[in-house]
Amino acid sequence: MKADISIEFAVKLITFLIGVIGFLSVVQHVSYLYSLLFVSLLITSAVFEKTNRFIFPRWALNSIAVMFIIFTVMNMNYENLIEKMIEMFIFLLAVKFLEDKKTRDHLQIYTISVFLLLGSALLSTDLLFLIYFLSLVFLFTVAIVLLAYLSEEPDLRLRKNVLFKIVSKALLIPAAAIPLTVILFIILPRPFSPLLKVSTPGQKAMTGFSEDINLGMVSEIQEDSGTIFRVEMKEISPAQLYWRGIVFDHFDGKSWKMSDKREMVKLGKQLLKGERVEQTVFLEPYNYKYLFALDRPVSINRSRTSKVFTYTLPRSPDKRIKYDVVSVLDETIYEDEINEELYLQLPDNISKKITGLAERLSSGKDAQEKLNSILGFFSDEKFTYSMAGLPVSSTPLEDFLFDLKYGNCEYYASSMAVLLRLSGVPARVVGGYKGADYNAVGGYYVVQQRNAHVWVEAYIKGKGWVRVDPTPASREVLIRSYQSGLFFKLGMALDVVNYFWNGFVIDYDLRKQFTLFMRLGQGIKNPGLDIDLSVGKKSAGGYIIIFIPVILFVIISYRLFTKRTPAEIKIIRKFQKRMRKYGYERNRSEGLDEFLLRIDDEQIRRKAAAFVTDFDEIYYKDQGFTRADIKRLREKIKAINPD
C-alpha cells in the first residue's frame, strides 16, 4: 500500500509546534538574548532533522544543560525567581531539540513546554494565555496518540486521509472535555478572592502619569498606548472626561511636587452642584498608589483618604484592582477659606521676565479677570502643542514662554499656575488623565497612557476652585487622529474580548458565583428576568454561559460515544429501500449476488447488478468509501427502474 507521510515525520512536526507554542507563551517575559538563542537553536535542530545528522553527542548536551541549571540557580533571588526559571526552561527546551529524538525526548519536550505555559500563567492572565493553553491541550492529545503508533512501528507510513482521520478523532477527546471544564469552572465552589488573580512582579505598566512634574529634563516624550484603566459607566460628554489623580501644590522653579500641607477634604462643606455619576474602575498594575476617578470624586470604596479630592492606596497595585466611585461633574469646588500661603508659594528664583509678564497680564484686574487674561495670553501669542523639542535647560519655563512657545501639557499648566500665583491668585496643578475611548459594545471607557494630562485649578474668592486647562485643543486633534485609524478600531474590538475575559474568568469569585446561582434560580421561576453576569449590568449572557457549554457537551459527547453508521451500510439500506419499491425484499442472511438471482424483471436486475458490482469492488478492496463513490452509487440506485 502506498504511504504518503511517515509517522516519525508527523510526530516531529507536532513536537516542533508544541515547543514553539511553549516558547511563544513566555516570549514577552524574556530578554531578546534568550529569544534569539532559542530561535537560532531551533533552526539548527531543523537542519539536523533535515540532514539526519546530529553533531552534538548527547552527553555533551546534557553536561551543558546541567551547568546552565547550576548557573541559573546561583543567580536566582526572590525578585527574579520566575523570570530565571523561564529562561532556564527555554534553554533546556532548545537543547532538547538538538538531540536525535526518541520517544522519551518528545515527552520531555512536552513537559518543558507545560512548565513554560505555567510560567506564563504566573506572569500574565490575559486572553493569549487561553489561546496557548487550548493549542497545547489539543496538540498534546494528538502527539500522544501518534507517539503510540511511533513506538509500535517506527517505520510506519500513512496515507494523508488516514492520518487526517487519526488526528481528527484524537482532537475530539479534548473537544469533548472543554464544555465539561467550563461547567465545572462555573459550578465548583470558589474562594472569596479570584482564583487566578496572581501577582505580576516586574510587570508594572509604563505610565504617562507621574507623581511629580520635572520640566527641562527631557526633550521628547514617547506616547504609550497601553491601557491604564477601564471605567464601566454611562457615556458622557467628552468635555467632562477629566480623571483626577493627584494635586501638586509646591513648585521649586523646575518641578512640581505634592506637599504634606494639604488639608483633608471636609465633605459637606464643599458645594458640588453637578450631576452624580457612578463608576466602576478596573485599574491596571502601575508604579504609583493614586486612584483615578472622574473629576470630582466624592467617594471611593477602596480608600478612606481624601485630600483635595484625591485618593490613595497603601501601596502601588501589583495586580489589577477594582473599585467603585461616585463623582460629581462640577468644574468648581466651592470653599470658603483656603491656605493661601500654600497655594501662592513660589521659589525666589523666578525670573524677572516671568514676573514682568505676570504684572503686565494682571495689573488692575480682579481675580477672575486675571485668570481670563492669563488664559488668553496662550491663545493670543499662538502657542502650539508639541511633545518633541521640549525646552531642556535650567530655565525651561522662560524658554517656553518667551522663545519656543510650544510644549506639552506640563509646560502649559506649570506656566499658568506660576503666572496665577505671581498675580496673587492661588493656584494648583492637577495630574491625571483627560479623555477616553468609549467602547459601546462593552459599555465602558478605555483610558490609555497617552491620555495622561495635567491642568490647573485657580481659586476665585466667592466661587472656589475653578478648573482651567490652558493646553491647546490641538492635543485632542492628535488623539482623535489616532482614534480614527483601522488599528484603533480593531484594538477596541479585541479589548471587548479581553474585558469580558477579565470580568468572567479572571475576576470570577465567590460573590459572582453566588449572584449567578441566585439569579439563575429567579430566572427559572420567572423566565422574564434577565441574568446579571456582566460586570455590573444586566444581560442575557448568563444563559449563554450556562447553556452553550451544556449543549456543546451533549453534541460532542453524542458524536464521540455513539456509534456512527458506516457509509456502506447507509448506501445498502438505500438500495434495499429502492428494491422494496418494486416488490423485492432482501433477506437478512442473503448475499447481494443471491438477491440479484431472485429478481425476475430483466431491466431492474441489470441495473441492480450494476450497483452491486460497483459496490463489491469498493467494499472488498477495503479502501473505504469516498464521497465520490457514495455519489456514484446513489446515482446507480436512482437509475434502478423497469423503464
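Atom set for the values below is all heavy atoms of this structure, side chains included, hydrogens, waters and symmetry mates excluded.
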Novice: Taking N451 for the side chain and K434 for the main chain, is one N or O donor matched with an acceptor at less than 3.5 Å?
Specialist: yes
Novice: How about F402: does its CZ atom have over 12 heavy atoms from other parts shown lying under 6.0 Å from it?
Specialist: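 Enclosed.
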Novice: Around atom CD of E235, are there more than 12 heavy atoms of other residues, nucleotides or ligands at under 6.0 Å?
Specialist: yes
Novice: Just do the salt bridge (Lys or Arg N to Asp or Glu O under 4.0 Å) check on D249 and R428 with the steps written out, would you?
Specialist: CA-CA 5 Å; D249 52 33; R428 59 195 186 192; over 6 Å; no
Novice: Is the backbone of F251 close enough, under 3.5 Å, to the side chain of Q345 for a donor and an acceptor to pair up by distance?
Specialist: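 Pair found, side chain donor or acceptor close to backbone of F251.
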Novice: I need the single residue from S362, S373, S363 that forms a side-chain hydrogen bond (donor to acceptor under 3.5 Å, both in side chains) with S423. Which is it?
Specialist: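 The residue from S362, S373, S363 that satisfies side-chain hydrogen bond (donor to acceptor under 3.5 Å, both in side chains) with S423 turns out to be S362.
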Novice: On a heavy-atom basis, which atom in H250 and which in S259 lie closest, and how many Å separate them?
Specialist: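 Here H250 and S259 meet closest at CB-CB, 4.4 Å.
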Novice: Closer than 3.5 angstrom, by distance alone: can the side chain of S120 be matched with the main-chain N or O of L117 as a donor-acceptor pair?
Specialist: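 Looks like yes, one N/O pair under 3.5 Å.
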Novice: Any side-chain to backbone donor/acceptor pair from E398 onto K353? Under 3.5 Å, distance only.
Specialist: no
Novice: What closest approach, in Å, do W455 and G432 show between heavy atoms, and which atom pair accounts for it?
Specialist: CZ3-N, 4.1 Å
Novice: Could you check whether any side-chain N or O of Y406 sits under 3.5 Å from a backbone N or O of G389, counting only pairs where one atom can act as donor and the other as acceptor?
Specialist: yes
Novice: So, are R230 and E284 salt-bridged, with charged N and O less than 4.0 Å apart?
Specialist: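 Yes, this pair counts.
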Novice: Can you tell which of Y323, W243, Y311, F229 makes a ring pair (Phe, Tyr, Trp, His ring centres under 6.0 Å) with F292?
Specialist: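 Of the listed residues Y323, W243, Y311, F229, the ring pair (Phe, Tyr, Trp, His ring centres under 6.0 Å) partner of F292 is F229.
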Novice: Which atom pair, heavy atoms only, marks the closest approach of I82 to G119?
Specialist: CG2-O, 4.3 Å
Novice: Could you verify whether a donor N or O on one side chain and an acceptor N or O on the other, from E87 and T72, lie under 3.5 Å apart?
Specialist: no
Novice: For a quick test of reading the model, state the closest non-hydrogen atom pair linking L397 to S415 and the distance between them.
Specialist: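 Of all heavy-atom pairs spanning L397 and S415, the closest is CD2-OG, 3.2 Å.
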Novice: If you look at every heavy atom in Y433 and Q449, which pair is closest and at what distance?
Specialist: OH-OE1, 3.1 Å
Novice: Could you tell me how the ring of F383 sits relative to the ring of Y412: parallel (under 30°), tilted (30 to 60°) or perpendicular (over 60°)?
Specialist: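 Perpendicular, since the angle between the ring planes exceeds 60°.
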Novice: Filter on salt bridge (Lys or Arg N to Asp or Glu O under 4.0 Å), then keep only pairs touching residues 364-388, sequence neighbours left out; what's left?
Specialist: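 Pairs touching residues 364-388 that pass the test: E381-K405.
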Novice: I'd like a table of donor-acceptor pairs (distance under 3.5 Å, sequence neighbours excluded) in which one partner is a side-chain atom from residues 461-468, with atom names and distances.
Specialist:
| from | atom 1 | to | atom 2 | distance (Å) |
| --- | --- | --- | --- | --- |
| K461 | NZ | D336 | O | 3.3 |
| K463 | NZ | Q368 | OE1 | 2.9 |
| W465 | NE1 | E335 | OE2 | 3.0 |
| R467 | NE | D295 | OD2 | 3.4 |
| R467 | NH2 | D295 | OD2 | 3.2 |

Novice: In terms of ring plane angle, is the pair Y288 and Y290 parallel, tilted or perpendicular, where the classes change at 30° and 60°?
Specialist: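 Rings of Y288 and Y290: tilted, 30 to 60°.
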